[in-house]
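Remarks on the structure that follows.
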Amino acid sequence: MRVSEIAFGGVEIGMPYGIGIRSEADMLQEKEAVHLLNRSLDEGINFFDTARMYGDSERLMGIAFASKREQVLISSKCRHFRDQQGNLPACGQVAQIINQSVEESLRALRTDYLDLYMLHQADLEILKHEEVVDAFLALKFAGKVRSIGASTYTLAESTEAVESGVWEVVQLPFNLLDQRQAAVFDGAVERGVGLVIRSVLLKGLLSERGKCLPEPLEQIERHIEKLADLAGSLGLDLPTLAIRFALSFDAVSSVLVGIDQDSYLLHAAEAARKSQLEEEVFNTAKRLVYPDPAFINLPHWDKMGWLT
C-alpha cells in the first residue's frame with residue numbers, strides 16, 4: 001500500500017494539545033473523532049500517526065478502523081524511557097517497557113500488528129542503546145510490527161537515525177521557518193530511509209494563528225508575514241504553501257498534519273492534491289528560512305506561556 005502524502009496527526013484527538021486547546025472541553029467528543037478519522041480515509045488519507053502517550057488517540061483509532069484494518073497504515077510510538085531526572089531504566093527493564101508498551105498499543109488499536117513502530121523522543125543515547133535496538137528488531141522479527149523508526153528532534157539525532165542502518169523511518173521537525181533538518185534528506189534517499197515531516201505548520205503558527213503573538217515572538221510574527229505575502233502572491237494561503245513546500249522535497253514521504261476539524265482535514269487533503277512548487281517559488285521559500293532557527297523552540301515557548 002502506498003502511503004498517503006498527508007499523515008493524520010492523532011495527538012489532537014487524544015489529548016489537549018495546540019494553541020487555544022486547554023482542556024478536554026475544547027476537544028472533539030468520541031463520536032466526532034471517530035467520524036473525522038473515517039472521513040479522513042474517505043478523503044484519501046491512509047496513514048495515521050499516534051502514540052502511547054497521546055491519551056485516547058489509539059483507542060479512538062481502534063474504534064474507527066477495527067473493521068478497516070487493511071485499508072490503513074498505522075504508526076504508533078513507544079512510551080518514554082527516561083524518568084523525571086532524565087535517567088534510563090536499568091539493564092533489562094528497557095526491553096520490558098518496549099514490549100509492554102507495544103502490547104498496550106495493539107490492544108487499544110484493536111489490531112495484532114503495527115505498520116510502523118517508533119521510538120518517541122529518541123535522543124542519541126537511546127538511538128544507540130543496544131537493548132533498545134534489539135527489542136525493536138525482535139518485535140519486527142515476531143511480526144508485531146512491520147517497520148521500525150524513530151521520532152527525533154535535533155539534527156544530530158536525525159543524522160544518527162538515518163545513518164544507523166537500523167531505523168527504516170525517521171519522523172523529524174521541518175517547516176518553512178526552520179529548515180535545518182534538510183541536511184539529512186539526501187542521506188535518507190541514499191539509504192532508503194523514509195522521512196515523515198512533523199511541525200510543518202509549527203503548531204499552527206504558520207496559519208491565521210500566527211498573528212498577534214506576544215512580544216518575545218515579534219520577530220517570528222514579522223517573518224511569518226513575509227511567508228504569508230509569498231503565499232498570497234501565488235494565490236495560496238500560508239498553510240497550503242507550508243504543506244506544499246515540504247512535499248516538494250523528493251526525500252519526504254509524508255507530512256504529518258494535526259487534524260481535529262473537518263475544515264483542517266479538507267484543507268490538508270486539498271493541499272496534497274496540488275503539484276509540487278515551481279522551482280523558482282521553491283527556491284524563494286528556501287531563502288525565507290528564519291535567520292536564527294535555534295530560537296525556534298516550541299517546548300520552551302509553551303513553557304513560557306507564549307503559545308496560549
Side-chain angles (χ1 to χ4, degrees), residues 3 7 9-11 14-15 47-62 65-66 69 72-173 184 188 191-196 198 253 256 299:
V3 64
V11 62
M15 59 187 288
F47 185 22
F48 295 83
D49 176 86
T50 185
R52 199 75 289 266
M53 307 299 291
Y54 288 175
D56 264 351
S57 179
E58 289 181 325
R59 185 182 68 84
L60 292 169
M61 289 188 186
F65 301 136
R69 184 63 184 91
V72 296
L73 299 168
I74 298 177
S75 169
S76 193
K77 308 180 197 72
C78 187
R79 287 190 177 277
H80 298 164
F81 302 141
R82 295 191 183 277
D83 61 22
Q84 292 183 342
Q85 288 71 46
N87 300 314
L88 287 174
C91 181
Q93 294 180 358
V94 172
Q96 183 178 351
I97 291 171
I98 293 170
N99 290 327
Q100 180 179 349
S101 184
V102 76
E103 292 297 337
E104 291 171 353
S105 292
L106 291 172
R107 284 195 297 271
L109 288 161
R110 304 187 185 188
T111 184
D112 57 2
Y113 71 95
L114 292 171
D115 298 284
L116 173 62
Y117 196 50
M118 308 187 80
L119 287 169
H120 207 168
Q121 295 185 354
D123 60 41
L124 288 172
E125 183 181 5
I126 290 174
L127 286 166
K128 299 177 181 179
H129 199 292
E130 185 174 348
E131 188 177 348
V132 171
V133 172
D134 287 347
F136 268 73
L137 290 173
L139 289 174
K140 184 178 178 182
F141 181 76
K144 293 187 176 182
V145 306
R146 293 185 172 177
S147 297
I148 58 175
S151 176
T152 58
Y153 283 81
T154 70
L155 178 57
E157 292 163 0
S158 300
T159 301
E160 170 63 30
V162 167
E163 295 180 353
S164 67
V166 174
W167 310 106
E168 299 164 283
V169 179
V170 178
Q171 185 187 113
L172 50 81
V184 305
R191 293 170 175 80
V193 175
L195 296 182
V196 178
R198 71 171 185 278
S253 300
L256 189 65

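Comment: Arg107 does not engage Glu58 in a salt bridge, judged by the lack of any side-chain N to carboxylate O separation of less than 4.0 angstrom.
Other residues, nucleotides and ligands contribute only 12 or fewer heavy atoms inside 6.0 Å of the CD atom of Gln96.
Contact record, Phe47 with Val196: CE2-CG2, 3.9 Å, taken as the closest heavy-atom pair. When all heavy atoms are compared, the tightest approach of Cys78 to Ile97 is SG-O, 4.5 Å. In this structure, Glu168 and Lys140 approach most closely via the heavy-atom pair OE2-NZ, 2.7 Å. Listed here is the closest heavy atom pair of Val3 and Leu73: CA-CD1, 3.9 Å. Nearest heavy-atom pair, Arg52 versus Ala108, reported as atom, atom and distance to 0.1 Å: NH2-CB, 3.8 Å.
Tested against Ser75 for a side-chain contact (heavy atoms from CB on, under 4.5 Å), the candidates Val145, Leu116, Leu114, Leu256 yield a single pass: Leu116. Of the residues Asp134, Ile148, Asn99, the one that meets the side-chain contact (heavy atoms from CB on, under 4.5 Å) test with Leu139 is Asn99.
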>> One pair to check against side-chain contact (heavy atoms from CB on, under 4.5 Å): Gln121 and Met53. What are the steps and the verdict?
In response: CA-CA 11 Å; Gln121 295 185 354; Met53 307 299 291; over 6 Å; no
>> Determine whether Leu119 and Lys77 satisfy the following criterion, side-chain contact (heavy atoms from CB on, under 4.5 Å), listing intermediate values before the conclusion.
In response: CA-CA 6 Å; Leu119 287 169; Lys77 308 180 197 72; over 6 Å; no
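Taking the six-membered ring where tryptophan is involved, the planes of Phe65 and Phe48 are tilted, since the angle between them lies from 30° to 60°.
Looking at Thr152, its side chain never comes within 3.5 Å of a backbone N or O of Thr154 through a donor-acceptor pair. A donor-acceptor pair under 3.5 Å is formed between the side chain of Asp115 and the backbone N or O of Ile74.
Contact annotation: the side chain of Arg110 never approaches that of Arg69 to less than 4.5 Å [non-hydrogen atoms, C-beta and beyond]. Met61 is not listed as a side-chain neighbour of Val72, based on a closest heavy-atom distance of 4.5 Å or more.
Seen from the ring of Tyr153, Arg198 counts as a face-on cation partner, given the 6.0 Å and 45° thresholds.
Every residue two or more places apart in sequence or in another chain that forms a side-chain contact (heavy atoms from CB on, under 4.5 Å) with Glu131 is listed here: Cys91, Val94, Ala95, His129.
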